[in-house]
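A short write-up of the structure that comes next.
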Amino acid sequence: MCSLWRGSLLTLTSSLNRRVFQCCRQFGRSYNIASCMPEAVAFQGVSDHSGLYKFSVNESDRFWGAVARQRLSWISPFHTVQNCDFSQGKIKWFEGGKLNVSVNCLDRHVHTCPERVALIWERDEPGTEVKITYRQLLELTCRLGNLLKRQGVRRGDCVTIYMPPCPLAVASMLACARIGAAHNVVFAGFSSEALADRIRDAQSSTVITVNQGVRGGKVVDLKRTVDQAVQNCPSVQQVLVAMRTENTVAMTDRDVPLEEEMMKEDVVCEPVAMDSEDVLFLLYTSGSTGKPKGLVHTQAGYLLYTSLTHRYVFNYHDGDVFGCVADIGWITGHSYIVYGALCNGGTTVLFESTPVYPNPGRYWEMVERLEINQFYGAPTAIRLLLKYGDEWVQNYNRSSLKTLGSVGEPINTEAWEWYHRVVGDGRCPVVDTWWQTETGGICIAPRPADPEAEIVPGMAMRPFYGIKPALLDTEGGGGGALCISQAWPGMARTIHNHHQRFTETYFQPYPGFFFTGDGAHRSKEGYYQIVGRLDDVINVSGHRLGTAELEDVVNQCPAVAESAAIGYSHDIKGEGECLPKTRSGKIMRRVLRKVVERNTDELGDLSTLDDPDSVHEVIRGHRRLRGDGKQQ
Ligand code: 6R9
């Protein structure tokens, strides 16, 4: 009896062992799919990352339906997950659903953790950060929402916000969302003409600004720029002015002192039930042609997509401090400083300064002081800091860092390696995230992936859940025009007032696909590498070369801080260290092209340039190189 018992137990344990072993083999590495994404437990047959990815693209309705029901708070449920037709540029998600974005970003966290810090405002003056809890941010938002209503702003109106990163800017965005108005944030480095263009196109009656901005120790008269802009904007009836500095500014009848008036308002503001496809915001982005496009993002799909990518690309967990150093005036600020991070109940940093103020250690001193866990920045800043040497980084404790992110341009291998080895001490995954204003959120990035999956330097690598890339017009070697072959919830819905331009730009070049305007390669492992804008592709002796690849080589030279490669009909003979760059750090190649084509009378719209003088310097340098204009 006893031996029988022992025998059967042995049989039982050995069969269990075998089952466990099979289970591990079947799952590749042994991990629980719930650790990949809790929602995935309900997806039959999904047991690892690649299974989940396949499910997300093959069963896209089921995937997005489940995620939307679980991650967002709905006032009324949606009846249709998606209703999209690329041939008409029709993109609709979660129709029938009603929700309020500010409730998803604020109220529900106030219920569970009112004293959690929502925003850390890293002011220009180092060491003077201000922390705002979820409860405080909800109060600010409600007061502002009530003030906007008192000033006549209605559901469907569009409010232009011209402010540097600060809590009142975030509260302004959320106040619009709360009362059903759209916002149009204009980067507070744009000229009065660029601002006026955007106010006019958005038909705003209300502008919110600050008296002055402070950046890199310099005071900028933002209210004055608004005054100049609104002279040419008949739609504007009022300008709300917050006080960033103590200096008084001239106020007109049109101007409303923001803090003073909002303090008169109630801290409760009833959120409006918005349809999933109502407009959340417009965001203008310069096209390669000149006239900026007001891309339109809507409520539910955008919020869901930014929160999901924020959670899984950066492996963001409750309690982490998320440090994105972009400006709120760009899509990166909208999606990862504001909407994605707050929807996840995150603590998010608002960075007002520059990477080199008061010295090139600023980012890392801030990482130490705020104990930042995810740092998200631009290659252009990384390249700049790399040239100042490792000491500026090593002076500070960066042990809080878990993930490093890069966005905006291809990150060259030298900068990637430095970011990984020096900033991250070789222990943090670096996620090179590819996306656009048009895509709403990150579309290609090394994470999420299987645990421990490899990351190749300088490659965005893996499509996110629901993203199905396609390379068209391929010319052997796996390169081509990067398109996306099915809709995802975060994509832009139209260009404000120009739906035809929307379909022409994004859906007509490759019928049936969304065309990104970028070129990409796919490696034999299936990883994507972005090679830059397609209009920047250089053809040398019949070989298709990406600007990024050339710049990569030039940047290896220690004397070069940054470079931009462009194609023209002569040999490239030298390098410029002074580049026409936009305020977000992108090199304006169309300007360089005009210079080398000697077409300097037709440089086009330069309003987004950080330093317009750089163009003249490039022109002078180019003339010297060509041997003309030697005297200049
Ligand atoms: C998020 C953002 C979009 C354009 C995009 C591409 C370039 C962005 C990139 C990248 C290579 C990356 N871009 N991320 N290129 N690798 N990781 O920057 O939006 O301002 O609209 O610019 O930026 O050319 O098409 P946006």
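Both counts, for ligands and for their atoms, begin at 1 and track the order of listing. Given the structure is predicted, the values throughout are model-derived calculations rather than measurements.
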Tyr336 and Trp435: CA distance, side-chain angles, deciding distance, ring-ring contact (aromatic ring centres under 6.0 Å, His included) verdict
CA-CA 12 Å; Tyr336 297 107; Trp435 59 295; 5.2 Å; yes
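Within the 4.5 Å cutoff, side-chain heavy atoms of Met461 are placed close to those of Val456.
In this structure, Trp435 is part of the shell of residues with a heavy atom less than 4.0 angstrom from ligand 1. The shell of residues lying under 4.0 angstrom from ligand 1, judged by heavy atoms, excludes Gly517.
The distance criterion of under 3.5 Å between nitrogen or oxygen atoms is not met by Thr285 with respect to ligand 1. For the pair Asp518 and ligand 1, the shortest N or O to N or O distance falls below 3.5 Å. Note: no N/O pair closer than 3.5 Å links Val407 and ligand 1 by distance alone. For ligand 1, the polar-atom distance check finds no N/O of Thr516 at less than 3.5 Å from any of the ligand's N/O atoms.
If you look at Tyr376 and Phe314, their ring centroids are closer than 6.0 Å. When ring centroids are compared, Tyr465 and His49 come within the 6.0 Å threshold. The ring of Tyr162 has its center no closer than 6.0 angstrom to the ring center of Phe187.
Close approach of ligand 1 to Thr332 is summarised as follows: ligand atoms under 4.0 Å from at least one heavy atom of the residue are 1 (C). Less than 4.0 angstrom separates some heavy atom of Asp432 from each of these atoms of ligand 1: 12 (C), 16 (N), 17 (N). The distance from ligand 1 to the heavy atoms of Ile331 drops below 4.0 Å at these ligand atoms: 1 (C), 19 (O).
Across all non-hydrogen atoms, the minimal contact from His183 to Cys158 is C-SG, 4.2 Å. The minimum heavy-atom distance linking Ala188 with Pro164 is given by the pair CB-N, 4.0 Å.
Salt-bridge check for Asp124 with Arg215: failed, with every basic side-chain N at 4.0 Å or more from each acidic carboxylate O.
Of the candidates Gln436, Glu409, Glu438, it is Glu409 that places a heavy atom closest to atom 16 (N) of ligand 1.
Of all the heavy atoms of Ile530, the ones lying under 4.0 Å from any atom of ligand 1 belong exclusively to the side chain.
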